[in-house]
Amino acid sequence: MEILKDKIAEELAKLPGFVEAKLDPAAIRPLLGRPPKREMGDAVFACFIPAKNAGIKPNDMAVKLAAGFARGAMVESAAAAGPYLNLKLNRAAAIAATLAMVEMQPNFGDSEDGKGKTLVLDFSSPNIAKPLAVHHLRTTMIGNAIKKIRESQGWRVVGINHLGDWGTGFGKLIAGLKKFKPEIEESARKIADAHLKAHGMYAQKEPSPLGAMKVGELNEVYKRFNEEMKADPALEDAGRKEFAVLEEHIVALDKKGRTTIDGEINFRIWRAARELSLAEFQRFYALLHLKFERWFVEDRDRRVFWEGQGRLKPDEAFRDHAFYVGESFYVGRNDLCGKVIQDAKTSGVAKESEGALVIFTHGEKKPPVMLLKSDGATAYHTRDLASALYRQREFNGTELAYVVGGEQKLHFDQLFKALKMLGHEWADRCSHVDFGLLLFKQQDGTWAKASTRAGRVVILEDLLDEAVNAVREVIKEKNADLAADKDAAEQVARAVGVGAVVFNDLKNGRRNDIKFDWDDILNFSGETGPYMLMQYVRMGSVTEKYRETFKDQSWESGDAAKLTLDAEWGIAQLIADFPAALARASKEYEPSIIAKALIDLAAATSSWWTATRDTRIVNEADAEQSRARVRLVNAIRKVLGRGLTLLGIQLVEKM
RNA sequence: GCGCCCGUAGCUCAGCUGGAUAGAGCGACGGUUUCCGAAGCCGUAGGUCAGAGGUUCGAAUCCUCUCGGGCGUACCA
């Protein structure tokens with residue numbers, strides 16, 4: 001419909017009634033729509049607004065327009081129905097035009113709309129030294145989809161994984177490790193000693209003081225420390241102190257200042273925890289076919305590598321992956337946090353309050369933005385301000401977006417306001433792409449947030465594993481051929497299982513809470529990822545059947561006039577709607593718009609499949625019809641495949 | 001207390017900047033398979049769009065209030 005509106009509007013504008021009402025194509029286009037029932041017509045023109053302008057009743061206008069109608073190449077007939085002018089289209093022409101457009105573009109629905117524009121997109125951003133929990137799936141999948149969607153519209157998208165690798169929590173972690181596992185401190189001390197004796201030259205590869213520890217174990221230490229802190233408040237100070245030592249150290253490193261042995265030790269423990277975490281995150285990202293690279297300004301070797309790969313060309317450098325730029329980067333690198341603090345002080349925007357340095361963005365009644373805590377350490381806001389400034393300087397974003405849960409709305413309101421107060425007008429182009437909580441069904445049937453305290457944390461990997469296992473069982477049950485090929489079956493199980501979870505996450509508006517119910521996830525019927533993939537796979541099977549039956553692949557010459565079923569017309573319209581859905585999804589940061597469009601297309605396709613059961617889509621007795629239908633099949637396949645890919649779901653050929 | 005978000009079928013959700021008789025999926029019930037894949041399809045039942053006012057030719061959609069739910073509310077991130 002959308003892509004046909006131009007043609008329809010153009011034709012209508014030439015008719016006498018429309019000329020008289022001074023309706024040009026641009027004025028007609030937004031008044032076109034689709035009637036609620038198919039019997040009413042293929043398209044509809046609403047007369048309310050032009051009738052008002054002409055000073056007549058909408059019903060009269062519709063009658064008048066219908067009377068002066070003459071058929072054109074696209075619009076065949078028009079009938080007044082109350083205030084509406086219902087139009088019948090030349091379906092063959094409309095379908096042919098639609099199919100031609102799909103076939104013309106390598107990726108149907110892509111546009112150059114965002115050419116020359118940049119989106120800086122913050123997403124995923126897990127905390128190190130903590131296992132990935134299910135809620136990380138949301139920011140990661142929504143962010144990934146948004147990145148792909150924006151790129152399809154011609155944007156340069158700089159994806160940034162704002163790793164939570166800084167903060168007082170790491171002071172506590174270090175204090176905990178020193179307290180419960182003194183051998184780690186010893187090991188770190190030895191490594192640091194060796195380093196200092198070598199006059200500050202870094203060894204090629206230092207051993208890790210954490211050895212083969214797992215993220216889960218680090219988290220246990222952290223939890224135990226917090227537990228004991230309740231009984232012994234002195235531990236809290238110990239944690240703060242360790243963090244202050246770490247922060248001083250990283251700043252000193254950047255300024256090439258003197259470092260201390262304590263700083264060297266804490267730094268090593270922190271760095272090892274970070275490395276170990278990234279290695280674990282990598283497993284999760286690989287499952288989702290997502291790539292994160294370390295931001296190449298972090299170290300020179302990596303930059304050389306990137307230049308060698310020819311990836312540092314503007315635009316291209318940012319496609320297909322995102323960068324890790326942790327919070328720590330802004331503390332260490334050129335003391336970016338320090339600059340923010342200086343600016344806020346000299347401009348008089350920041351005030352001292354209760355021993356801390358803060359900015360009151362929403363009046364004194366609301367909590368302020370915290371720049372320096374009373375213990376002198378930077379806070380969450382400080383590093384977010386520094387990172388925003390760095391990103392804007394480095395990438396000159398047309399838009400800057402943060403894919404972070406809705407519970408942090410206040411934080412981002414404050415952040416953007418603080419930027420504005422500091423004189424950065426581009427704060428207006430920042431947005432918080434918020435999303436709902438992930439809730440789990442409780443024994444009593446109510447929904448509750450996953451939480452560590454209540455022991456409701458679900459480890460992301462477990463969740464994905466379970467989905468993959470379920471798919472593996474279904475494959476065994478339903479597709480023995482595939483199950484026989486172990487490697488292929490495994491690959492499909494992973495794509496379909498992970499795809500099920502991803503689709504479940506993206507199919508509804510992102511602001512909704514996701515109510516996670518295992519029964520729903522493991523049920524593969526209805527509006528689910530496996531259902532979408534199933535339709536995609538079927539379209540592949542039919543194409544295969546066509547090749548075998550007719551020994552040719554020339555479906556692109558198929559004649560649209562052979563597609564006379566209502567179902568075929570319906571499908572063509574849904575396909576024609578796809579580019580508009582994609583554009584809207586891009587503009588609104590809303591992947592669910594694509595998911596919904598795919599659901600409609602897949603459902604229509606499945607009905608059509610059954611509707612053609614008497615002759616089949618590939619009908620040996622009618623080569624012309626088969627060719628036309630397979631032409632449609634391939635358009636469907638292309639759109640479904642493209643849409644699922646944009647949502648970050650892996651395609652499969654068999655399942 | 002204050003701020004933000006939300007309330008549509010038993011459950012989970014669509015419904016675009018107001019437009020014709022409010023739509024899907026799940027669940028329930030009843031059909032459907034010599035066939036290109038039944039992870040499918042077809043049908044039935046199920047709604048005072050939380051409630052009350054207002055704006056409008058027209059409101060699930062916009063405004064106000066009430067009720068109900070969620071989230072947030074300075075030294076965690």
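As the structure is a computational prediction, the values presented were derived from the model and not from experiment. Naming: A, B, ... by sequence-line order, numbering from 1 per chain.
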Should D577(A) and R34(A) count as an ion pair when the cut-off is N to O under 4.0 Å? yes

So that I can compare with my own list, what are the stems of RNA chain B, taken as at least three consecutive Watson-Crick or G-U pairs with distances under 3.5 Å? B:1-7 with B:67-73, B:10-13 with B:23-26, B:28-32 with B:40-44, B:50-54 with B:62-66

Taking atom NZ of K130(A) as the centre, does the number of heavy atoms from other residues, nucleotides or ligands within less than 6.0 Å exceed 12? no

Heavy-atom nearest nucleotide on RNA chain B for N619(A) versus R511(A): which residue maps closer to 5'? R511(A)

For the side chain of E354(A) and the base of A74(B), is some donor closer than 3.5 Å to an acceptor across the two? yes

Do the rings of W166(A) and W270(A) sit parallel, tilted or perpendicular, given the 30° and 60° boundaries? perpendicular

Any side-chain N or O of Y531(A) below 4.0 angstrom from OP1/OP2 of C41(B)? yes

Could one point to a donor on the side chain of T612(A) or the base of C36(B) with an acceptor on the other under 3.5 Å away? yes

Ignoring hydrogens and geometry beyond distance, is the side chain of S353(A) in donor-acceptor contact with the base of A74(B) at under 3.5 Å? yes

Looking only at atom C1', what distance separates G47(B) and C2(B), rounded to whole Å? 36 Å

Any luck finding a side-chain donor-acceptor pair between N634(A) and R637(A) under 3.5 Å? no

Carboxylate-amine/guanidinium contact D434(A) R510(A), below 4.0 Å: yes

What's the gap between C63(B) and C71(B) when it is taken at their P atoms, as a whole Å value? 25 Å

Would you indicate, yes or no, if A39(B) has its OP1 or OP2 atom less than 4.0 angstrom from a side-chain nitrogen or oxygen of S525(A)? no

Using the C1' atom on both, measure G18(B) against A59(B) and round to a whole Å. 6 Å

A20(B) base / N86(A) side chain donor-acceptor hit below 3.5 Å: yes

Gap between atoms CG and P, on N59(A) and G58(B) respectively (whole Å): 14 Å

Please state how far atom CG in L173(A) lies from atom P in C76(B), giving the value in whole angstrom units. 16 Å

Can you tell whether the side chains of R240(A) and E236(A) come within less than 4.0 Å, N to carboxylate O? yes

L437(A) CG to C4(B) P, straight-line distance once rounded to whole Å: 18 Å

Touch check for K365(A), heavy atoms < 4.0 angstrom, all strands: base, sugar-phosphate only, or nothing? nothing

Using the C1' atom on both, measure U48(B) against A39(B) and round to a whole Å. 38 Å

Mind checking if E477(A) touches a base, just sugar-phosphate, or nothing, with heavy atoms under 4.0 Å? nothing

Check this for me: does any side-chain nitrogen of one of K476(A) and E473(A) sit under 4.0 Å from a carboxylate oxygen of the other? yes

Given the C1' atoms of G72(B) and A28(B), what is the spacing between them in whole Å? 40 Å

Using a strict 4.0 Å threshold on nitrogen-to-oxygen distance, state whether D552(A) and R627(A) make a salt bridge. yes

Looking only at A38(B), A74(B), A14(B), the nucleotide nearest the W609(A) side chain is A38(B)

A50(B) versus G68(B) - spacing of their P atoms, nearest Å: 16 Å

For A77(B), does either OP1 or OP2 sit under 4.0 Å from a side-chain N or O belonging to T168(A)? yes

Take R616(A) and M40(A), find for each the nucleotide of RNA chain B with the closest heavy atom, and name the residue whose nucleotide sits nearer the 5' end. M40(A)

Look at all strands and tell whether G167(A) reaches a base, only sugar-phosphate, or nothing, counting heavy atoms closer than 4.0 Å. sugar-phosphate

Take the protein atom CD of Q535(A) and the nucleotide atom C1' of G37(B), then report the distance between them rounded to whole Å. 10 Å

If you compare every side-chain N and O of S606(A) against the phosphate oxygens of C41(B) (OP1, OP2), does one of them come in below 4.0 Å? yes

When the C1' atoms of U61(B) and G23(B) are considered, how many whole Å apart are they? 15 Å

Between E548(A) and K545(A) (salt bridge meaning N to carboxylate O under 4.0 Å), is one present in this structure? no

Between C26(B) and A14(B) - C1' atom distance, rounded Å: 15 Å

Is P83(A) touching bases, backbone alone, or none of the nucleic acid, heavy atoms closer than 4.0 Å? nothing

Taking A39(B), U21(B), A20(B) as options, the one with an atom nearest any side-chain atom of K478(A) is A39(B)

